[in-house]
Amino acid sequence: AQTVTQSQPEMSVQEAETVTLSCTYDTSESDYYLFWYKQPPSRQMILVIRQEAYKQQNATENRFSVNFQKAAKSFSLKISDSQLGDAAMYFCAYRSATPGGTSYGKLTFGQGTILTVHP
Amino acid sequence: SAVISQKPSRDICQRGTSLTIQCQVDSQVTMMFWYRQQPGQSLTLIATANQGSEATYESGFVIDKFPISRPNLTFSTLTVSNMSPEDSSIYLCSVVGGPSYNEQFFGPGTRLTVL
């Protein structure tokens with residue numbers, strides 16, 4: 001079974017600064033997806049960024065980028081130029097990419113990291 | 001992208017009663033998933049709802065407690081039966097989507113409080 005670990009229960013950052021959230025995972029599969037979701041107090045799960053395991057290039061979405069280290073099974077999220085609106089709970093998640101497999105479509109989440117942004 | 005709606009958005013219920021949560025997707029999807037998020041916790045998968053067959057439950061979740069219906073490719077319901085305060089959680093439905101099925105979309109969630 002896959003596991004996802006976020007070792008930072010809470011992180012804080014000053015507005016306009018950069019912060020990195022850590023995530024490690026364990027799997028025996030070679031083809032999978034990794035996601036970072038943001039959950040503000042409204043509880044809506046918002047997709048921040050997605051990484052396909054077969055891609056060596058790290059995914060980026062505007063101020064958000066990942067450091068994907070497949071061999072180390074590490075998937076950290078870097079938020080640049082932090083904004084007050086970035087304050088939320090962030091979840092790292094794993095999903096198998098094997099169609100038809102018993103785990104297909106099922107997300108395994110880490111414990112979450114609460115990010116506070118100070119003005 | 002898929003747009004997902006859930007009803008109700010929140011509810012307060014008495015212990016021993018049941019609540020049915022609805023999930024509607026704006027496009028046809030093969031697989032729908034139900035997750036539970038207990039207060040201050042991460043999300044845990046309850047079950048996979050497949051159209052035309054019984055739902056598949058994860059370890060620790062049983063059909064008698066969380067019966068699921070999937071009458072068509074755009075709709076599913078999750079019932080929380082014989083509720084206790086421990087069932088107080090946010091319940092979210094989710095679907096796989098995107099042009100390469102490499103995305104995962106979530107509904108806005110249903111916040112349930114059991115007194």
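Order of the sequence lines sets the chain letters (A, B, ...), proteins ahead of strands, with each chain counted from 1.
Within a 6.0 Å sphere centred on CD of E29(A), heavy atoms belonging to other residues, nucleotides or ligands number more than 12.
For chain A, the nearby part of L45(B) is the side chain; its heavy atoms alone come within less than 4.5 Å. There is no contact between I46(A) and chain B, counting heavy-atom distances below 4.5 Å. Using a 4.5 Å cut-off between heavy atoms, T110(B) touches chain A through its backbone atoms (N, CA, C, O) alone. Looking at R43(A), the atoms closer than 4.5 Å to chain B (heavy atoms on both sides) sit in the backbone and in the side chain alike.
Panel note: side chain W36(A), backbone L21(A); no donor-acceptor pair is recorded below 3.5 Å.
For the set M45(A), Q6(A), R95(A), E52(A), the entry with the most heavy-atom pairs within less than 4.5 Å of chain B is R95(A).
There is no side-chain donor-acceptor pair under 3.5 Å between E15(A) and S82(A). Q39(A) and Q37(B) share a donor-acceptor pair across their side chains, judged by distance under 3.5 Å alone.
For F61(B) and F66(B), the distance between ring centers is under 6.0 angstrom.
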